[in-house]
Amino acid sequence: MTARILIAGAGIAGLTAALALHARGFTQIRLVERSENIKPLGSGINLLPQAVRELDALGLLDGLLPICVQTSELFYMNHHGDCIWREDRGKAAGFRWPQLSIHRGWLQMQLLQQVVQALGPDAVHAGKEVVDVQEAKDGQVVVCHDRTSGAEVRYKADLIIGADGIRSAVRRLLAPDEGPPPANGMVIFRGTVWGKPFLTGSSMIVAGDGIRKFVIYPMAQRAGSSEVLLNWAAAAPENPAEGYARGDWNLPVQPSRFARDFEGWKFAGVEPAAIMLASADTFVYPMVDREPLPTWTHGAGIVLIGDAAHAMYPIGSNGATQSIIDACALAHYLSRYPRFDEALSAYEADRRVKMTELQIANRKKGPEVVIDIANAQAPGGFKDPRDVFGPGELEAIAARYARISAMERTMVNEPSPYWGSDRTARATTSKQQEALHDA
């Protein structure tokens, strides 16, 4: 029989996995999503070229280009506006694929639309929260709580993919005593606002004073206007009295509670405090991640991808990027090996060590560490970064993180290792999958 695959989570990782598996010939794919209504929530994200390469292989890039901005340059600055480091990004840096700044919700809706088109309207079951997985004679049973009716719903599956984020119910099966996501004492405030473009109109700025940090970039152009939709995020020390829920990305907060901490900051015409106060909806969440796991799989029937496997601090634009790559890698190995246990072992061998290294690098602030160094060495500012950093120091920091995050241009410009130069020629047919995974 054809393998029955259940994906827990209809976010970016889960939806991409469904599309990648369908492209590989799998036909019996079901997604269960805890949210009762899948809406375009969240704010902006950056998709690095190595992830855009995978989306292009799935035929999705053309549909995304009209609703995003192709980021062309990145600046690291101190809060005085002094430039520490600048680099070209995406196609401006010679990559074959662009770097996309896009609203997370818009991307999710695009992926959802493609999943429904490919798999049918009954493929995604909203309002179903995974509470247990039980062994059965002919596979596994996923037990869900229907958040609308309160009833118990059961699904049979041969393979369960945990793509249900940092608070993953599937992950708890692998690490039942793990507890809540650990926090680092910082909180992130975020929001969006229509405003004037800055610098090239496709620039990204990461600025800080060694304690606080502010990130801003455009992610959409307003039709018939020069305005762009600006996405911003600000990190500051957490007030323990606030008690924000860990892992909940949509807690509303009034900007007047934190904008004052960024008063006086100004760079490239950007005034963070004014932008915060002009934003209609602002949200807050503690900066949390997950400890690296010794395995992402359980037997031959459970596997983790995305934040469920390797939630990391939002540094270096790697959260959604690596989730997309996970999804395509898993589909690749499932189509390549005749047995699920072999496929899952190959997937984990490919991805887990890399992501553990990246999680650790992000805990050390990745390439953004240059902001802390600059503020420690020259708290009053500087005229030339060469007065603060040694010869080649900045270049070495950037190159080291590019290696860890697999963003070296020569590697990214090669065809995807999961699709090759001709995706359709490599895609496995449904009949082949039935033969490979016939129970």
Side-chain angles (χ1 to χ4, degrees), residues 5-27 29-33 35 38 40-42 45-65 67-68 97-100 102-120 123-124 126 159-166 168 170 296 303-312 317-335 343-344 347 350-351 354-355 406 412 416-419 423-424 426-428:
I5 299 177
L6 184 137
I7 301 172
I12 293 171
L15 293 168
T16 304
L19 292 171
L21 287 164
H22 179 263
R24 288 296 188 186
F26 291 91
T27 57
I29 304 167
R30 178 183 285 120
L31 298 94
V32 292
E33 166 57 41
S35 300
I38 302 175
L41 301 176
I45 56 173
N46 264 258
L47 301 179
L48 300 179
Q50 59 266 43
V52 177
R53 176 180 65 180
E54 307 303 320
L55 295 176
D56 191 24
L58 286 168
L60 302 173
L61 180 56
D62 288 345
L64 297 176
L65 292 179
I67 59 171
C68 71
W97 289 272
Q99 175 172 327
L100 305 184
I102 189 170
H103 193 290
R104 177 186 292 273
W106 299 355
L107 171 61
Q108 184 181 11
M109 292 301 103
Q110 284 277 342
L111 294 173
L112 178 61
Q113 179 181 349
Q114 292 298 318
V115 166
V116 171
Q117 181 176 329
L119 299 174
V124 181
L159 176 66
I160 301 166
I161 300 173
D164 45 345
I166 194 169
S168 169
V170 178
W296 292 353
V303 63
L304 302 177
I305 65 174
D307 281 355
H310 50 72
M312 61 188 76
S317 303
N318 270 290
T321 288
Q322 299 301 336
S323 295
I324 289 167
I325 296 172
D326 282 352
C328 293
L330 179 60
H332 165 74
Y333 290 113
L334 287 171
S335 71
L344 300 188
Y347 160 72
D350 177 3
R351 297 293 296 160
K354 296 175 185 176
M355 291 302 97
V412 176
S416 166
Y418 308 121
W419 301 108
R423 178 182 66 82
T424 56
R426 289 174 173 261
T428 311

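Remember, predicted model here, so these are calculated numbers, not experimental data.
- Taking Glu33 as the reference, Ser35 meet the side chain to side chain donor-acceptor pair (under 3.5 Å) condition, with sequence neighbours excluded.
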| message | Pair Leu55, Leu61 - check side-chain contact (heavy atoms from CB on, under 4.5 Å), show working. | response | CA-CA 6 Å; Leu55 295 176; Leu61 180 56; 5.5 Å; no
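- Panel note: side chain Glu54, backbone Trp419; no donor-acceptor pair is recorded below 3.5 Å.
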Side chains of residues 317-329: which donor-acceptor pairs under 3.5 Å do they make with residues two or more places apart or in other chains?
residue	atom	partner	partner atom	Å
Asn318	OD1	Gln322	NE2	2.8
Asn318	ND2	Gly316	O	3.0
Asn318	ND2	Tyr401	OH	3.0
Thr321	OG1	Leu48	N	3.0
Thr321	OG1	Ser317	O	3.1
Gln322	OE1	Arg351	NH2	2.7
Ser323	OG	Gly319	O	3.1
Asp326	OD1	Arg351	NE	2.8
Asp326	OD1	Arg351	NH2	3.0
Asp326	OD2	Gly306	N	2.9
Asp326	OD2	His310	NE2	2.5

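- In this pair, Tyr333 and Tyr418 present their aromatic rings perpendicular. The plane angle is above 60°, beyond the 30 to 60° band.
- Leu47 CG to Ile12 CD1: the interatomic distance, rounded to the nearest 0.5 Å, is 7.0 Å.
- When all heavy atoms of Val124 and Ala10 are compared, the pair lying nearest together is CG1-CB, 4.2 Å.
- Note that CD1 of Ile38 and CG of Leu15 are 7.0 Å apart. Values are rounded to the nearest 0.5 Å.
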| request: Under the side-chain contact (heavy atoms from CB on, under 4.5 Å) rule, what do Ile305 and Tyr347 come out as? Steps first, then yes or no, please. | output: CA-CA 10 Å; Ile305 65 174; Tyr347 160 72; 3.2 Å; yes
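- For Val412, the side-chain contact (heavy atoms from CB on, under 4.5 Å) partners are Pro49, Gln50, Phe95, not counting sequence neighbours.
- Expressed to the nearest 0.5 Å, how far CD1 of Ile5 lies from CG of Leu21 amounts to 4.5 Å.
- Of the inter-residue distances, the one linking Ile67 atom CD1 with Gln110 atom CD reads 4.0 Å to the nearest 0.5 angstrom.
- To the nearest 0.5 Å, atoms CH2 (Trp296) and CG (Leu344) are separated by 12.0 Å.
- Taking each heavy atom of Ala18 and Leu119 in turn, the nearest pair found is CB-CD1, 4.1 Å.
- No side-chain donor-acceptor contact under 3.5 Å links Thr16 to the backbone of Ala13.
- In this structure Arg30 satisfies the salt bridge (Lys or Arg N to Asp or Glu O under 4.0 Å) test with no other residue, sequence neighbours excluded.
- Taken from CD1 in Ile7 to CD1 in Ile161, the straight-line distance is 4.5 Å, to the nearest 0.5 Å.
- Taking Asp164 as the reference, Ser168 meet the side chain to side chain donor-acceptor pair (under 3.5 Å) condition, with sequence neighbours excluded.
- Judged as a ring pair (Phe, Tyr, Trp, His ring centres under 6.0 Å), and not counting sequence neighbours, the contacts of Trp106 are His103.
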